[in-house]
Amino acid sequence: MSRPLERTHHRRLTIVVALLLLCFLGLMLRLVYLTVALHPHYRDRADLQHRNATEVMPRRGEIFDREGRAMAVSVLCESLYVNCSAAPRDVREEVARACEEIFGQPAEGYLRRLQGDQRIPLVRRMEANQANRLRAVIQGLDLGSIDIVYLAPETRRLYPMETVGASVIGFTRPDHTGDNEGVAGIEFLLNDLLRGRAASGEALQNAALQPMEPLGLEILTVTAGHQVHLTIDSVIQRVAEDALAETVEHFEADWGTAVVIDIPTGDVLAMASCPTFDLNQRASEPEESKRNCAIMNAIEPGSIMKVFTFAAAMEEGLIDEEEIIDCMGGIWYHPARSRPIRDDRSHRFHLLPLHEAFAFSSNIATVQVADRLTTEQLCETYRAFGLGQRTDIGLPGERTGTLRRPSEWWGTDRISIPIGQAISVTALQTAAAMAAIGNGGVWQQPNLIQRVEDAAGNEVALDLPRERRSVVSSLTARRMAALLEEAVEIGTGTEAQIEGYRVGGKTGTATRYDEDLGQYMENSYVATFTGLAPINDPRIACAVFVSNPNRRIGHYGGEVAAPVFREIMEASLHILGISADPLTVAGEAPPEVVIEAAARLEAPTSSDTPQINLPPAESDHLMPNLMGLTMREVTQRLTTRDLLLRFQGSGRVVSQTPVAGTSLRGVSRVMLVFEESEGG
Amino acid sequence: MSVALRRPAPPSATALFVMTLALVSLGLVMVYSTSGYIDAGSSRLGHDAFFHLRRQVRWVLLGLGLLFVMARMDYERLKKFALPILGLSLLLLFLCYVPGIGHKANGQWRWIRLFGFTFQPSEFAKLAMVIFMAKTLSELREDEIRSFMGGFLPATLITGVFLMAIVMEEDLGATFVLSVIVWLMWFVAGMRIPHLLSLVCAAIPAFLFFILSSPWRLERILAFLNPEKYRLTHGMQLDQSLIAIGSGGIFGRGLGEGLQKYYFLVEGHTDFIFSNIAEELGLIGCTIILLLFMAIVVVGLSTAHRMPDTFGSLLACGLALMIGIPAMVNLAVVSGCMPTTGLPLPLISYGGSQILINMMAIGILMNIVYHRCKTVDPRRKRA
């Protein structure tokens, strides 16, 4: 049996208890100090390591046409991410099986991609229903962590108009926030604005710097990028693309392009290329189809160059339209050239008034006109019209073309260049130069971007060059316009005539120079046309190039490019609600008088049809039934009416406002909804 | 003797049990809270978020069984087992070095693995030492305890062997805790103050030698003095612990809402579980835990105070210290009052050995409380 307790024992026990309680009290004080006094300090330090100021990329801004129709939009969708190192084998197999079932690709492919030890996006930007099915699978995996297999929101770029304006709008490629990196066209040019500014959000992270939760949906939707409004009118663009496609197909041409410019503002209304591609299927479309032919293809323009040669001579006062010029029966053995200068077989004349020589596109007359000018004068005028000069419209890949300095003009250049050889231009340059003639001789830098708005709708100032320069006097411009009108009325461009409008334009047919082979191709041509309308007050300029049409079907600018021009111009005039000219007869009256007369007549009748003197037939005042018609058929049906057409969608008319049979008195706008028919 | 067990348990025994249960339950919750995320992300554990919780539950259930067994077994019978237990404990300590049985973790041979279970013999050594010391000291006369040759030398020699064995395992925390427990038991048993002080004086150079003998220990001490400066090296653990406690504030982030457990504070479910508790439950949670430990210690020591027999008294004292001293040292470490040593928080931290041993200790303590009530009551009536 143990000994009894001593008094010392009790005393010492008390001391131990006191000692321990003292220690506990000390610990307590220490904890109070840490959690109360030092709390702010440690809270900050905790935030510093727990919260990661992640940059959240905003949703990419939309691209609209000039009427506010969406051409490129970003929608939120989800991507499947797998943290391969953290996912056990059975989870990876399950995910691969689920993907096979949902997306139809073999599971082996998915499994192979899941072999590594990285965090990878397994399936990007899936449809909503696919995401929902996948979500159910992931929830069934019972992973215990949201960080292993998860769906993360990403944006996906959609192009509602598919092919319309494809080469202008360009496209994006995915980065870590989804389809958000522009690689071509406007998407590339304004990428920084469309992306918007990165919003900084805070995400919780673990010590391995991995986010604790996927980025929130709200963050992505709140901070959108800037919205871009283009000067493009998507309806004109579509008409231009359709017309080009039809022509390129019919004439078995290599490619075609058309540019439409709003003359007063320099806005590009349409910039069409053929072949084109579906923006939503961009990955599977051939690379050649993604070329923006309007700026990337520089060709020898042929006879349309004569417009600017004549303008130069006119500006210097060296020619008179009425003077008689010797066209030498179509063959001129020029001393500077071994081969004779020839006019086309169908237009061989001897003595002719200069305006008719222009209308029939006489090379011989043009060379004689050019001979009255110095090389410097010629070159300076061409340069001022922007030919062979970059327009700096901003789109990537713009070609400069070729216009050599006067000191570099050799041998036959003084013969070749004034008639559009040994010089190369793009369709955009040509249309802009033609617009300068319509704009009273003032060249304006063509413009694609109407305005940019931030997500809140405030306009953002853009630092885009908007150069304006006077090239020729307004009188020269008007005299040129009259010459151009005659060329369409009686000359080589008769195919460009539009009923009810006065149209001016110039054809061109040039031997095609193959850049790859470095030589002119036998029996291979580029058909061109450029023109403007209405002549009394030019509003729209257009240039059309069609390369290498099949010669057996046709190769002249007048037969290949002019009809395209007519279709585009006619549609544009209607779509923009430009009144038909009151006076469609030209030729006899000097241009000045025509303009005055037009102005006088136009004032009181601006909103009525041109046939004011005739009592209009009853049917003319009723809205026709347009259901089931294509866009082009609609514009043809409503040709004679002064109506502002609003188009929505593509395909055939499924809805019209006003409905068929209602009176059109006082109606100025027609709204049409198109839809693709089921059968294609 | 067994008559006592059929009577209703005295209030302080029930209180001991309830407090233990409270601490162990909180421990279970916090073990899951701190280990769940890491387990789920660990391919080694098969992404099983409940890996540690499941094991801990197993240990706690086993511990409860041992607690009841010990509570029902007369503590006097431990006297007979004291020496065998001590021998077994020493054997186990040396088994750590036997290949195939010894288990290395974090670079230290502190564990043995038998039949699929990992066990930390230093925990067992604590209990063995407490029982043995209580027995030896209670059998010595007072003058024997006060003499150098009769009491001091044998006691220090036996303790010294144990401490050497544990120090060799680089388990400085366990060594420190064991020496403090034994030292306090000697003090209570009536050893002479000069003898006791001479041990402290001898310990200081040994401690200094130990620190200076390896550079990383010195670094650890320096890091302890300024954890923020060494926050990327040796001070990281302490610094993260202080961030956890400090950022918790008075009310904490809320249960399960802690952020330090996301790999910031490693060993968050074992030695540093208190920091995570402080982060999630705040000063209020800390205070409750502190009070519970204090209460266990006070109940134990007051039982020791009232026990008529020296063995029971010293045993109760030793057992109370066995819970109280590691708890205090652990709290001091995680709150930056002491250099960092690896030491679990009794009854709360993840770890089978400490749960089993400490719950056994509580069981024995409860048994002593039963006896005190039985033996003291008549004396009280008489008084």
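Just so it is clear: chains get the letters A, B, ... in the order the sequence lines come, proteins before strands, and each one is counted from 1. Because only heavy atoms are used, hydrogens play no part in the values below, and waters and symmetry mates are left out as well, while side chains stay in.
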- Query: Hey, which of B:Gly248, B:Gly246, B:Ala244 has the most heavy atom pairs under 4.5 Å with chain A?
  - Reply: B:Gly246

- Item | Atom pair CZ (B:Phe293) and CG (A:Leu20), whose distance is rounded to the nearest 0.5 Å | 13.0 Å

- Task: Check whether any side-chain N or O of A:His10 sits under 3.5 Å from a backbone N or O of B:His305 as a donor-acceptor pair, and report yes or no.
- Result: yes

- Neighbours of chain B found in residues 23-40 of chain A - heavy atoms under 4.5 Å: A:Cys23, A:Phe24, A:Leu27, A:Met28, A:Arg30, A:Leu31, A:Val32, A:Leu34, A:Thr35, A:Val36, A:His39

- Just how far is it from atom OG of B:Ser313 to atom CG of A:Leu13, taken to the nearest 0.5 Å? 5.0 Å

- Value for CE (B:Met328) from CG (A:Leu19), rounded to nearest 0.5 Å, stands at 7.5 Å

- How about B:Phe264 and A:His50: are their ring centres within less than 6.0 Å of each other? yes

- Message: Taking CZ in A:Arg135 as the centre, count heavy atoms belonging to other residues, nucleotides or ligands within less than 6.0 Å. Is the count above 12?
- Response: yes

- chain A contact via B:Phe251 - which portion, at a heavy-atom distance below 4.5 Å: neither

- Task: Sorted by first residue and then second, give each salt bridge (charged side-chain N to carboxylate O under 4.0 Å, His left out) pair with at least one member in residues 280-290 of chain B; sequence neighbours left out.
- Result: B:Lys261-B:Glu280

- Query: Side chain, backbone, both or neither: which part of B:Gln260 has an atom under 4.5 Å from a heavy atom of chain A?
  - Reply: both

- Listed partners of A:Arg112 passing salt bridge (Lys or Arg N to Asp or Glu O under 4.0 Å), at least two apart: none

- Message: For B:Glu228, I'd like to know if atom CD has over 12 heavy atoms of other residues, nucleotides or ligands within 6.0 Å.
- Response: yes

- Query: Which atoms of B:Thr287 come close to chain A, meaning under 4.5 Å heavy atom to heavy atom: side chain ones, backbone ones, both, or neither?
  - Reply: both

- Message: Does any part of the side chain of A:Arg12, heavy atoms only, come nearer than 4.5 Å to the side chain of B:Ile193, both counted from C-beta?
- Response: yes

- Message: I want to check something: taking the side chain as every heavy atom from C-beta on, are A:Leu21 and B:Val298 in contact at a cut-off of under 4.5 Å?
- Response: yes

- Are the side chains of B:Ile245 and A:Tyr42 in touch, meaning some heavy atoms are under 4.5 Å apart? no

- Contact origin within B:Leu321 toward chain A - heavy atom pairs under 4.5 Å: side chain

- Query: chain A: which of B:Asp239, B:Leu265, B:Leu184 shares the most heavy-atom pairs with it under 4.5 Å?
  - Reply: B:Asp239

- chain A: which of B:Ile250, B:Leu283, B:Asp39 shares the most heavy-atom pairs with it under 4.5 Å? B:Leu283

- Message: I'd like to know if the side chain of A:His9 reaches the main chain of B:Ala189, judged simply by a donor and an acceptor atom lying under 3.5 Å from each other, with no hydrogens or angles considered.
- Response: no

- Sorted by chain and residue number, the side-chain contact (heavy atoms from CB on, under 4.5 Å) partners of B:Asp48 (sequence neighbours excluded) come out as B:Phe50, B:Phe51, B:Arg54

- Query: Relative to chain A, which segment of B:Leu291 carries a heavy atom at a distance below 4.5 Å: side chain, backbone, both, or neither?
  - Reply: neither

- With side chains defined as the heavy atoms from C-beta onward, is the minimum distance between A:Arg43 and B:Ile243 less than 4.5 Å? no

